[in-house]
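Before any comments, here is the structure.
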Amino acid sequence: MAHWLFKSEPDVFGWDHLTALGQAGSEWDGVRNYQARNIMRQMAIGDTGFFYHSRTGLEIVGIVEVIATAHPDSTAQDGKWECVDVRALKRLPRPVTLDQIKSDDRLSDMVLVKNSRLSVQPVSDAEWQIVLELAGHSPD
DNA sequence: GCCAACGTTGGC
DNA sequence: GCCAACGTTGGC
């Protein structure tokens, strides 16, 4: 199962917004970047991803689960843009800050560090485990 | 709020 | 098809 990272500004759509929607989750709509769209097309149901607060917060706050594969974005006029659906799975015991990620040599290749503008990103298995470890997340 | 980095657009 | 101009994102 693959891992991803979703970025959102908490003022616009934060972790609390997503948790409020419960099991039904939400479309990850509004993405207007081809690279991000192509990444979403690779996602499978059951994949998990980090939820990152950009601009204010600057930290990974929770884990989301992909509950629908890529489909047309309902907020786009033409059929050009697509999105997946996600639901909140679990809040991290401790948020993992961008500073922590940047200062950890093992995470120097994370897209979050290398291409901070990309709003949907792949996360490697190794990166996933390291971030969970930093978050104090106990394996279940 | 500033601005660097990046992506997109459009004139040539 | 190049590249300057423009718009947007997101860290600072």
Side-chain angles (χ1 to χ4, degrees):
Chain A
M1 215 162 57
H3 302 298
W4 315 95
L5 183 144
F6 297 86
K7 286 203 290 202
S8 186
E9 296 188 39
D11 296 344
V12 180
F13 186 86
W15 176 255
D16 291 341
H17 293 93
L18 186 59
T19 48
L21 297 172
Q23 300 300 301
S26 171
E27 275 195 346
W28 197 259
D29 55 32
V31 173
R32 300 292 183 268
N33 173 287
Y34 291 107
Q35 212 181 333
R37 183 199 65 183
N38 292 341
I39 290 164
M40 285 197 286
R41 283 178 171 173
Q42 298 171 30
M43 295 181 185
I45 289 172
D47 280 358
T48 47
F50 291 129
F51 192 106
Y52 175 80
H53 281 166
S54 65
R55 271 190 72 84
T56 53
L58 307 189
E59 57 189 13
I60 295 171
V61 292
I63 299 172
V64 301
E65 180 185 13
V66 175
I67 54 172
T69 54
H71 57 82
D73 183 333
S74 67
T75 67
Q77 288 86 347
D78 48 24
K80 192 166 67 170
W81 300 110
E82 297 176 18
C83 63
V84 297
D85 292 0
V86 298
R87 66 178 176 95
L89 204 60
K90 196 170 187 179
R91 181 187 288 275
L92 293 181
R94 289 193 303 268
V96 177
T97 67
L98 181 62
D99 279 348
Q100 278 179 278
I101 291 166
K102 280 182 163 177
S103 58
D104 194 311
D105 289 342
R106 300 171 298 171
L107 299 175
S108 57
D109 284 336
M110 269 192 86
V111 181
L112 195 64
V113 178
K114 291 196 139 179
N115 183 2
S116 63
R117 301 261 326 261
L118 190 61
S119 64
V120 179
Q121 314 177 350
V123 173
S124 75
D125 289 345
E127 290 161 353
W128 183 262
Q129 290 306 323
I130 292 163
V131 172
L132 287 182
E133 178 191 306
L134 293 174
H137 179 273
S138 51
D140 33 35

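Just so it is clear: chains get the letters A, B, ... in the order the sequence lines come, proteins before strands, and each one is counted from 1. Please read all numbers here as calculations on a predicted model, not as lab measurements.
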Heavy-atom closest contact (I67(A) atom, A24(A) atom, distance): CD1-O, 3.4 Å
Can you find a heavy atom in the side chain of T48(A) that is under 4.5 Å from one in the side chain of K90(A)? no
Shortest non-hydrogen pair, F6(A) vs G49(A), comes out as CE1-CA, 4.3 Å
Contact class for E9(A) (heavy atom, under 4.0 Å): base, sugar-phosphate, or nothing? nothing
Give, for atom CE of M110(A) and atom CZ of F50(A), the distance between the pair rounded to the nearest 0.5 Å. 6.5 Å
Apply the side-chain contact (heavy atoms from CB on, under 4.5 Å) test between W28(A) and each candidate in M43(A), E82(A), M40(A); give the one that qualifies. M40(A)
For R55(A) and for N115(A), locate the closest nucleotide of DNA chain B by heavy-atom distance; then report the residue assigned to the nucleotide nearer the 5' terminus. R55(A)
Earliest and latest nucleotide of DNA chain B, 5' to 3', sitting under 4.0 Å from a non-hydrogen atom of chain A? dG1(B) to dT8(B)
Check this for me: does any side-chain nitrogen of one of R37(A) and D73(A) sit under 4.0 Å from a carboxylate oxygen of the other? no
Between R117(A) and R32(A), which has a closest nucleotide on DNA chain B that is more 5'? R117(A)
Which word best sums up how the rings of F51(A) and H53(A) line up, parallel for under 30°, tilted for 30 to 60°, or perpendicular for over 60°? perpendicular
What bend angle does the helix from dG1(B)-dC12(C) to dC12(B)-dG1(C) show across its length, from five-pair end axes and to the nearest 10 degrees? 10°
Do Y34(A) and W81(A) make the cut of ring centroids closer than 6.0 angstrom? yes
